[in-house]
Amino acid sequence: MRRRIAVLGATGSIGRQALEVIEANPELELVAATSGSTPIDGLAPLTEVGGDATDVLEQAQPDVVLNAIVGFAGVHATLWALERGVTLALANKESLVAAGALARDAWTRGGGLLLPVDSEHSAAFQLLADISRDQVRGLVLTASGGPFRGRSRAELDDVTPEDALEHPTWTMGPKITVDSATLANKGLELLEAHFLFDLPYDRIEVAIHPTSIVHAIVRLRDGASLAHLGYPDMRVPISFALTYPARAETPLEQLDFSSGLRLEFHAPDLEAFPLLALAREAGERGGTYPCAFNAANEVAVQAFLEGRIRFLDIDAAVADVLARVDGAPARDVDELIEADRNARNLVAVA
Ligand SMILES: NC(=O)c1ccc[n+]([C@@H]2O[C@H](COP(=O)([O-])OP(=O)(O)OC[C@H]3O[C@@H](n4cnc5c(N)ncnc54)[C@H](OP(=O)(O)O)[C@@H]3O)[C@@H](O)[C@H]2O)c1
């Protein structure tokens, strides 16, 4: 039986790579595809542009939902899959971060698989698979540091969207590329890891690792550390999630240990890139603070990409919103949508 896949956000960076993985594997079948606004007629038996992705999911009844929508817009599809116990291959980290406890509750009720597609979380998922939680001392998420690694805050004052879109190791959509430049992406990943692996924030670290070869490290209580390595290529975690647990063969490049691989690690500069610390703080405060962090960041990044605010205004906008929301937990999706909208409305950008 072929595994029936729905790809949401099929025209994006992850979506297109997912289509490539499906195309190359005869055991995978594309049954539905969606985009935000790009026409995709004929791409899959069922398609939808804009609109509510859950309509297509209801019709298609896929075995796996690959959620590669960008931003909070992906939250309905995430909750749809989790609630029904349909396997969710999750690239859309914003939905898990924003929905937080609501998503975890839906996941518990649905009892299905939640397979992260983010490379660091895919790595952590694999490393943690056969280890009991009491043996785990902590999780280390790696970060390339983005195009502005090593710069002081003063040196970030005049960077442009074009500068921020030049990522050194990954080719990705514009929003996550800017998030990588501000380290908001690693902040979102910290929150994502907390909800995925049920680890407290003080047991999740971030290390800057410029070559993006090590994707995650698990520290064990006996002093050993396990690492997951590979060249940065999103088709690896996509294939892992779509073929789980088969780990299908891919034609992708194997690590070459004769080529002088460098495995450097540094602490992140939280003064130059405060969004990572703000994400941690939002996570520790709980409730809808992570939702507000995400919402404010989405609005500010869009404004930066459109040239309406400067790079350093992004973290200032998020800090300002976090200081003004009440962060009360959302009891249902309507309250979550309200918390998201409220945070967006508080972002003071032209
Ligand atoms: N790219 C990576 O390497 C990477 C790595 C790890 C995690 N992720 C995560 O994966 C997700 C997708 O990232 P990406 O880089 O693939 O983004 P992207 O290239 O910008 O693609 C986003 C996709 O979402 C669709 N979309 C945008 N707004 C939408 C809306 N309101 N409703 C429904 N669909 C909408 C877009 O459709 P249109 O084409 O019509 O705009 C496009 O298909 C993000 O959450 C990101 O953080 C990405």
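Please read these numbers as outputs of a predicted model, since none were measured by experiment. Each ligand, and each atom within it, is numbered from 1 in the order the structure gives.
- Protein heavy atom closest to atom 11 (C) of ligand 1, with residue, atom name and distance, is Ile69 O, 3.5 Å.
- The heavy atom nearest to atom 40 (O) of ligand 1, considering only Ser37, Ser13, Ser180, is found in Ser37.
- Taking CG of Leu276 as the start and CD of Glu281 as the end, the distance is 11.5 Å to the nearest 0.5 Å.
- Among protein heavy atoms, atom 43 (O) of ligand 1 sits closest to Thr11 OG1, 2.7 Å.
- Ring to ring, Phe311 and Phe148 are close: their centroids are under 6.0 angstrom apart.
- To the nearest 0.5 Å, atoms OG1 (Thr54) and CD (Glu83) are separated by 12.5 Å.
- From Gln17, atom CD reaches atom CE of Met172 across 10.5 Å, with rounding to the nearest 0.5 Å.
- Here the CG atom belonging to Asn185 is positioned 9.5 Å from the CG atom belonging to Asn297, to the nearest 0.5 angstrom.
- Of all the heavy atoms of Glu94, the ones lying under 4.0 Å from any atom of ligand 1 belong exclusively to the side chain.
- A distance of 9.0 Å separates OG1 of Thr142 from CD1 of Ile208, quoted to the nearest 0.5 Å.
- Scanning all protein heavy atoms for the shortest distance to atom 47 (O) of ligand 1 gives Lys93 CE, 3.2 Å.
- At the top of the distance list for atom 31 (N) of ligand 1, counting protein heavy atoms only, stands Ala73 CB, 3.4 Å.
- Residue, atom and distance of the protein heavy atom nearest to atom 13 (O) of ligand 1 are Ile14 CG1, 4.3 Å.
- Closest protein heavy atom to atom 22 (C) of ligand 1: Val70 CG1, 3.7 Å.
- By the criterion of a heavy-atom distance under 4.0 Å, the backbone of Ala10, and not its side chain, is placed next to ligand 1.
- Heavy-atom proximity to atom 18 (P) of ligand 1, evaluated over Gly51, Gly12, Ala18, Gly9, is greatest for Gly12.
- The option with the heavy atom closest to atom 23 (C) of ligand 1, from among Ala68, Pro174, Gly15, Gly36, is Ala68.
- Contact annotation for Ile176 and ligand 1: only side-chain heavy atoms (C-beta onward) come within less than 4.0 Å of the ligand.
- Among protein heavy atoms, atom 6 (C) of ligand 1 sits closest to Asp118 OD1, 3.0 Å.
- Annotation: atom 15 (O) of ligand 1 to nearest protein heavy atom, Gly173 N, 2.8 Å.
- Taking CG from Asp198 and CZ from Arg104, the interatomic distance works out to 4.0 Å, rounded to the nearest 0.5 Å.
- Across the listed options Met172, Glu189, His76, Glu192, Met172 owns the non-hydrogen atom lying nearest to atom 3 (O) of ligand 1.
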